[in-house]
Structures are given as C-alpha cells and as structure tokens.
Amino acid sequence: EMKYNELPKWAQKQVKQWVKEQHLKTDEEARKSDEDVPHYTEEELEAVAMEYLNNRDDFAIEYDEETDKETVVY
C-alpha cells in the first residue's frame with residue numbers, strides 16, 4: 001500500500017486523471033438533478049483532486065503478466 005506521492009509518475013498521472021473525471025461526472029449528475037453546482041477552473045479541479053489523493057494511502061501497483069503491464073489499483 002502506498003501514498004500518492006510514493007507512486008511512480010505514470011501512476012500519479014493516471015490516478016489524478018481518474019479522480020478529476022469522477023469529480024466532473026459527479027458534478028454533472030448533480031446538475032441534472034437541478035442542483036446548483038459551480039463549474040471548476042482547471043486550477044480548482046487540480047486542488048480538489050490533490051486534496052483527495054493526499055488523504056489516501058491505499059494505492060497499489062499490480063503487474064499483469066498477460067499484458068506485461070503495470071496498473072495502479074485504487
């Protein structure tokens with residue numbers, strides 16, 4: 001188990017992108033329910049993603065022999 005800042009750069013990028021996408025998807029669903037959700041600037045979205053990532057320490061990297069690739073598990 002690892003903290004975000006212990007992950008290799010490729011894994012950090014993958015996880016951060018996933019968090020941003022999840023956040024935007026959640027906001028979009030809230031807007032469809034007529035909730036007044038503000039739109040984030042890229043800087044604000046980055047800050048929200050980093051706050052979430054820095055509070056987690058349960059990331060892991062798994063190696064898949066079939067595809068010969070490493071993936072980050074979160």
Side-chain angles (χ1 to χ4, degrees):
E1 310 249 308
M2 291 183 267
K3 290 181 181 285
Y4 172 77
N5 62 5
E6 296 168 338
L7 292 169
K9 292 285 182 228
W10 66 265
Q12 287 182 353
K13 187 175 180 184
Q14 184 180 326
V15 172
K16 190 192 298 182
Q17 188 58 40
W18 178 80
V19 170
K20 287 180 178 180
E21 287 169 6
Q22 294 305 307
H23 202 74
L24 292 173
K25 194 162 84 176
T26 301
D27 285 357
E28 198 53 46
E29 288 170 4
R31 284 188 201 97
K32 285 180 184 167
S33 303
D34 293 329
E35 288 180 47
D36 186 18
V37 180
H39 287 273
Y40 289 102
T41 64
E42 185 58 36
E43 291 80 17
E44 289 168 335
L45 186 57
E46 181 87 6
V48 168
M50 289 310 299
E51 183 177 341
Y52 172 80
L53 291 165
N54 287 329
N55 287 327
R56 299 228 358 220
D57 62 358
D58 59 348
F59 296 105
I61 293 180
E62 290 183 352
Y63 176 70
D64 184 340
E65 291 183 17
E66 287 183 19
T67 60
D68 192 32
K69 287 191 174 169
E70 288 182 315
T71 55
V72 62
V73 182
Y74 39 89

Could you list the donor-acceptor pairs under 3.5 angstrom formed by side chains in residues 6-17, with sequence neighbours left out?
{"from": "E6", "atom 1": "OE1", "to": "K3", "atom 2": "N", "distance (Å)": "2.8"}
{"from": "Q12", "atom 1": "NE2", "to": "Y4", "atom 2": "O", "distance (Å)": "3.1"}
{"from": "Q12", "atom 1": "NE2", "to": "L7", "atom 2": "O", "distance (Å)": "3.3"}
{"from": "K16", "atom 1": "NZ", "to": "E46", "atom 2": "OE2", "distance (Å)": "2.7"}
{"from": "Q17", "atom 1": "NE2", "to": "E21", "atom 2": "OE2", "distance (Å)": "3.2"}

Nearest-0.5 Å distance, OG1 of residue T26 to CD of residue E35: 10.5 Å

Got F59 and L53 here, is their nearest side-chain heavy-atom distance under 4.5 Å? yes

Looking only at non-hydrogen atoms, find the nearest pair between A49 and K20 and report the distance. CB-CG, 4.1 Å

Measure the CG-CE distance between L45 and M50 for me, rounded to the nearest 0.5 Å. 12.0 Å

Verify same cluster id: I61, V73 (apolar side-chain graph, 4.5 Å): no

Starting at CD of Q22, measure out to OH of Y52 and round the result to the nearest 0.5 Å. 8.5 Å

Going by ring-ring contact (aromatic ring centres under 6.0 Å, His included), name the residues that satisfy it together with Y40, two or more places apart in sequence or in a different chain. H23

For E44 and H39 the tightest heavy-atom approach is OE1-O, 4.1 Å

Whether the side chain of R31 engages the backbone of V37 through a donor-acceptor N/O pair (distance < 3.5 Å, no angle test) should be reported. yes

Give every residue pair that meets the salt bridge (charged side-chain N to carboxylate O under 4.0 Å, His left out) criterion with at least one member in residues 57-68, sequence neighbours excluded. R56-D58

